[in-house]
Amino acid sequence: MGAELLQFLVSGLTVGAVYALVALGFTLIYNASDVVNFAQGEFVMLGGMVTVFAVAAGLALPLAAALAILVAVAVGLLLHRLAIEPARGASAVTLIIITIGASIFLRGVAQIVFDKQFHQLPAFSGSDPILLAGAAILPQSFWVLGGAVLVFLGLFVFLEKTLLGKAVLATAANRLAARLVGVDTSFVLALSFGLSAAIGALAGILITPITLTSFDVGTMLALKGFAAAMLGGMGSPLGAVVGGLLLGLLESFAAGTISSAYKDAVAFVVILAVLFTMPQGLFGRRSVERV
Amino acid sequence: MLEVRDLQSAYGRILALKGVSLRVETGEITAIVGGNGAGKTTLLRCLSGVQPVSAGTVKFHGEDITGWTPHRRVAAGIAQSPEGRQVFGPLSVEDNLRLGAFRRGRATTDENLESVFEMFPILREKRALPSAGLSGGQQQMLAIGRALMSEPRLLLLDEPSMGLAPVLVDQILDAVVALKRAGVTVLLVEQNASAALAIADRGYVIETGRIAHGGTGQALLHDPAVREAYLGL
């Protein structure tokens with residue numbers, strides 16, 4: 001029994017780390033603009049798919065991964081420049097609908113540029129499971145977890161220790177005041193799109209050896225990441241991480257103890273439960289401020 | 001230093017500024033007084049570039065800055081302490097101040113931080129605390145301090161006395177006078193007309209998007225029409 005629980009724990013944390021990365025992408029863009037970017041999942045798809053095709057074309061894995069991240073960042077910046085920036089001043093709902101459109105468009109283009117098959121990447125350091133206290137752990141799980149931890153730490157240092165990072169937080173806290181102190185808020189938004197795309201693509205690259213990828217994996221990942229962000233509290237980077245890991249664990253334990261058929265339902269039950277009982281999430285912004 | 005000519009600005013189809021012209025002279029305190037909804041805040045937002053201008057020009061040191069982005073204006077030396085303080089609530093007092101210097105080099109930031117702390121010692125005490133927890137008066141000091149961190153040549157102050165106890169109003173206005181002595185040009189927008197005109201070299205009365213009266217601060221204080229309409233005398 002103990003071994004089984006450990007197994008659920010590790011696989012839950014692994015997939016949860018990916019949800020956390022997607023949720024962080026949501027959080028960054030949401031903070032800079034109040035927009036929930038539903039094209040976030042497409043960045044994850046691009047990360048996996050570009051890597052797969054670059055490796056198939058003969059590129060070494062690290063180079064292919066770097067290329068995939070660059071492609072995703074370019075797409076993220078173009079999305080901001082061509083779709084979000086021209087609609088500046090529109091309501092958040094309009095912008096959200098634009099991102100849904102962009103997501104459908106990107107999926108369509110991926111279907112044409114790549115194909116409609118499922119693809120796999122070889123695990124980065126072998127696929128022989130490591131036996132730990134009776135649980136079999138894929139080495140790739142450590143890559144996913146390690147990559148996620150590096151992103152969390154990097155983002156933490158950027159946001160808390162650099163002036164530019166604080167400008168990002170300031171933009172989130174009060175956009176008008178940020179503009180008045182001279183922060184170029186449309187640059188901050190472009191930066192958020194670029195960072196989100198890079199983080200999403202990295203998640204896609206790390207998880208592909210475990211879960212396969214195809215042109216349409218983005219939809220489900222975006223929904224899961226959104227559920228994670230809601231659970232943690234939209235706008236809170238810490239909430240995104242905790243929400244992602246929690247959602248991954250819930251999913252893994254539900255699949256293991258109830259039935260794997262209901263695995264995907266967990267995320268939606270979580271969204272509903274959060275909306276009904278605590279719309280601000282675990283670490284959401286409290287709306288009470290002294291004036 | 002600042003020359004505003006026939007400035008118009010609208011929210012949707014409602015014209016908030018219907019052609020405002022005024023001048024701010026170097027080294028002076030210029031006060032703009034007027035009632036609620038007269039267009040005072042809109043005017044300052046236009047000057048900072050965060051509110052679109054539909055007609056007219058703004059010249060700063062003879063240069064037309066009407067189409068400049070807000071960050072370019074901050075870099076050129078126009079800083080604003082906005083209405084309602086607008087501090088970055090979750091960020092610490094010190095981070096708020098450092099962000100004020102976002103367009104300035106790191107070199108002078110520590111020095112400027114020190115002079116803001118000297119001006120408002122309470123901010124030094126609370127430097128590590130989130131600014132959302134400060135009292136209204138402390139947040140006002142923080143908003144002014146944050147604007148000063150960019151080493152402005154022209155400081156725009158929007159309603160610094162709003163919602164403050166009289167003793168705090170005096171303290172804030174004393175700070176404004178001290179800033180003028182230190183060589184900062186100030187454009188002060190106030191509903192508290194008598195307090196603002198008393199320290200102003202020059203003043204304007206704004207009514208429904210138009211300048212209704214202009215003159216030296218003392219002249220306006222003693223103008224019967226202004227006294228009746230805005231000073232309640």
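Convention: sequence-line order gives letters A, B, ...; per-chain numbering from 1. Both backbone and side-chain heavy atoms feed into the values below; hydrogens, waters and symmetry mates do not.
Summarising the local packing, CZ of B:Arg124 is surrounded by more than 12 heavy atoms from other residues, nucleotides or ligands at distances under 6.0 Å. For B:Arg104, the CZ atom counts as densely surrounded, since its 6.0 Å shell holds more than 12 non-hydrogen atoms of other residues, nucleotides or ligands. A:Phe105 CZ: 12 or fewer foreign heavy atoms inside a 6.0 Å radius. The environment of OH in B:Tyr11 is crowded: more than 12 heavy-atom neighbours from other residues, nucleotides or ligands sit within 6.0 Å. Shown here is B:Ile14, whose CD1 atom has no more than 12 heavy atoms of other residues, nucleotides or ligands within 6.0 Å.
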Should B:Thr69 and A:Asp184 be marked as a side chain to side chain contact (heavy atoms under 4.5 Å, CB included) after you check the CA-CA gap, both sets of side-chain angles, and the distance that decides it? CA-CA 8 Å; B:Thr69 57; A:Asp184 181 351; over 6 Å; no

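Between the CZ atom in B:Arg85 and the CG atom in A:Asn174 there is a gap of 13.0 Å [rounded to 0.5 Å]. In this structure, CG on A:Leu180 lies 11.5 Å from CD1 on B:Ile78, to the nearest 0.5 angstrom. Once rounded to the nearest 0.5 Å, the distance linking NZ of A:Lys166 with CZ of B:Arg98 reads 7.5 Å. If you take CG on A:Leu163 and CG on B:Asp95, they are separated by 8.5 Å, rounding to the nearest 0.5 Å.
B:Leu99 touches chain A through backbone and side chain together, each having a heavy atom under 4.5 Å away. For chain A, the nearby part of B:Arg146 is the side chain; its heavy atoms alone come within less than 4.5 Å. Only the side chain of B:Arg45 has a heavy atom closer than 4.5 Å to any heavy atom of chain A.
Across all their heavy atoms, B:Phe102 and A:Ala167 have their closest contact at CE1-CB, 3.5 Å. Minimum interatomic distance between B:Gln86 and A:Ala177 (heavy atoms only, all atoms of both residues): O-CB, 3.2 Å.
Taking B:Gly49, B:Ser150, B:Pro70 one by one and counting their heavy-atom pairs under 4.5 Å with chain A, the maximum is reached by B:Pro70. With chain B as partner, the option from A:Val181, A:Val183, A:Leu169 having the largest number of non-hydrogen pairs under 4.5 angstrom is A:Val181.
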